[in-house]
> 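Below are the structure tokens for one structure; questions will follow.
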Amino acid sequence: MDEAVRLALAKWPNVPSCTGWLRLSRRGEWRVPEGPVRHAGLRDFIGRNYQATPDGRWFFQNGPQQVFVDLDYTPTVLHLDDTTTLRTHTGAPVSTLRSAWFDEEGCLLLECEHGIALLDDRDLAAFCAHLEGDLETPGACITLSWAGKRLVVGTLRQDEVAARFGFTPTPGG
């Protein structure tokens, strides 16, 4: 959390929270009602101050105010930087994958040290180089080879993800 944010919290401790204004898209974009947040400094500020409450509601601390984030899918979105490097939508590097799943639409979910994350669909084709098995046959065994580790890729329904990983997709509603 930014030091300026810490100071604002100390100065104004009882500012009401904001809901329904900010959301995280399935591609890791911060979006407000007017469209995507394009200002690089603002995107970085949101990312640096993005966190979760103990009960799984994600927000960014905007000075003394918590701005709760509606999630289009997961609280974290991963991007493939090159063939062997993943990073979160906030720019944090990913070093460990714990598990992997495909959902019913073919989206790839990866559990890493940052929690459950959706792989940006624009990176899925390139990431498939790390998958082995018959991707065309439902129920076929698929494995993921990443950073010297092999994981069996399971299946998971979209409507199960939030409860299984303990987050609230719409914290204000």
> Find the distance between CG (Leu108) and CZ (Phe102) and round it off to the nearest 0.5 Å.
5.0 Å
> Over all heavy atoms of both residues, which pair between Phe59 and Ala52 is shortest? Give the atoms and the distance, please.
CE2-C, 3.8 Å
> Side chains of Phe127 and Leu144: closer than 4.5 Å at any heavy-atom pair?
yes
> Between Arg26 and Asp72, is there a salt bridge with N-O shorter than 4.0 Å?
no
> Are Trp21 and Val37 linked, directly or through intermediate hydrophobic residues, by side-chain heavy-atom contacts shorter than 4.5 Å (ILVMFWY only)?
yes
> Hey, which of Ile46, Asn49, Leu22 is the one that makes side-chain contact (heavy atoms from CB on, under 4.5 Å) with Val67?
Leu22
> Ignoring hydrogens and angles, state whether a donor on the side chain of Gln65 or Ser17 is under 3.5 Å from an acceptor on the partner side chain.
no
> Hydrophobic clusters here meaning ILVMFWY residues chained together by side-chain heavy-atom distances under 4.5 Å, can you tell me if Trp58 and Val32 are in one?
yes
> Kindly work out whether a path of hydrophobic side-chain contacts (I/L/V/M/F/W/Y, heavy atoms less than 4.5 Å apart) joins Leu124 to Leu97.
yes
> Report yes if the side chains of Ile142 and Val152 come closer than 4.5 Å at any heavy-atom pair, otherwise no.
no
> Can you check whether Val77's main-chain N or O pairs, donor with acceptor, with His89's side chain at less than 3.5 Å?
yes
> Hey, are the side chains of Phe68 and Arg23 touching, using non-hydrogen atoms and a 4.5 Å cut-off?
no
> Which atoms form the tightest heavy-atom contact between Leu24 and Thr74, and what is the distance?
CD2-O, 3.7 Å
> Look up atom NE2 in His79 and atom OG1 in Thr90, then write down how far apart they are to the nearest 0.5 Å.
9.0 Å
> I'd like to know if Arg157 pairs up with Asp103 as an ion pair, taking the criterion as any Lys NZ or Arg NE/NH1/NH2 lying under 4.0 Å from an Asp or Glu carboxylate oxygen.
no
> If only atom types and distance count, is the side chain of Thr170 paired as donor or acceptor with the main-chain N or O of Gly172 below 3.5 Å?
no
> With rounding to the nearest 0.5 Å, note down the distance linking NE2 in His114 to CD1 in Ile116.
13.0 Å
> Just verifying a value: how many Å separate Asp120 CG and Arg87 CZ, rounded to the nearest 0.5 Å?
9.0 Å
> For Leu151 and Thr143, what are the C-alpha separation, side-chain angles and deciding distance, and is it a side-chain contact (heavy atoms from CB on, under 4.5 Å)?
CA-CA 5 Å; Leu151 300 169; Thr143 57; over 6 Å; no
> Roughly how far apart are Glu132 CD and Ser145 OG, rounded to 0.5 Å?
4.0 Å
> Charged N to carboxylate O below 4.0 Å: is that the case for Glu29 and Arg38?
yes
> For the pair Gln61 (side chain) and Gly63 (backbone), establish whether a donor and an acceptor sit closer than 3.5 Å, ignoring hydrogens and angles.
yes
> Once you round to the nearest 0.5 Å, how far does CD of Glu111 lie from OG of Ser99?
3.5 Å
> Between Trp30 and Phe45 (judged by ring centroids, cut-off 6.0 Å), do the two rings come close enough to count as a pair?
no
> If you take all heavy atoms of Leu80 and Ala126, which pair is closest and at what distance?
CD2-CB, 3.8 Å
> Decide yes or no on side-chain contact (heavy atoms from CB on, under 4.5 Å) for Thr88 and Val94, but give the supporting numbers first.
CA-CA 7 Å; Thr88 69; Val94 174; 4.2 Å; yes
> To check you understand the geometry: which heavy-atom pair defines the closest contact between Lys149 and Thr96, and what is its length?
NZ-CG2, 4.4 Å
> Would the distance check show the side chain of Tyr50 and the main-chain N or O of Pro75 forming a donor-acceptor pair, the cut-off being under 3.5 Å?
yes
> Is it the case that the side chain of Arg98 and the backbone of Cys112 share a donor-acceptor pair, with hydrogens and angles ignored and the cut-off at 3.5 Å?
yes
> I need the minimum non-hydrogen distance between Val69 and Phe60, along with the two atoms involved.
CG2-N, 4.3 Å
> Is the closest side-chain heavy-atom distance between Asp81 and Leu86 below 4.5 Å?
no
> What is the minimum heavy-atom distance between Asp55 and Thr168, and which atoms define it?
O-OG1, 3.9 Å
> What's the verdict on side-chain contact (heavy atoms from CB on, under 4.5 Å) for Leu78 and Leu118, showing C-alpha distance, side-chain angles and the deciding distance?
CA-CA 6 Å; Leu78 298 181; Leu118 175 67; over 6 Å; no
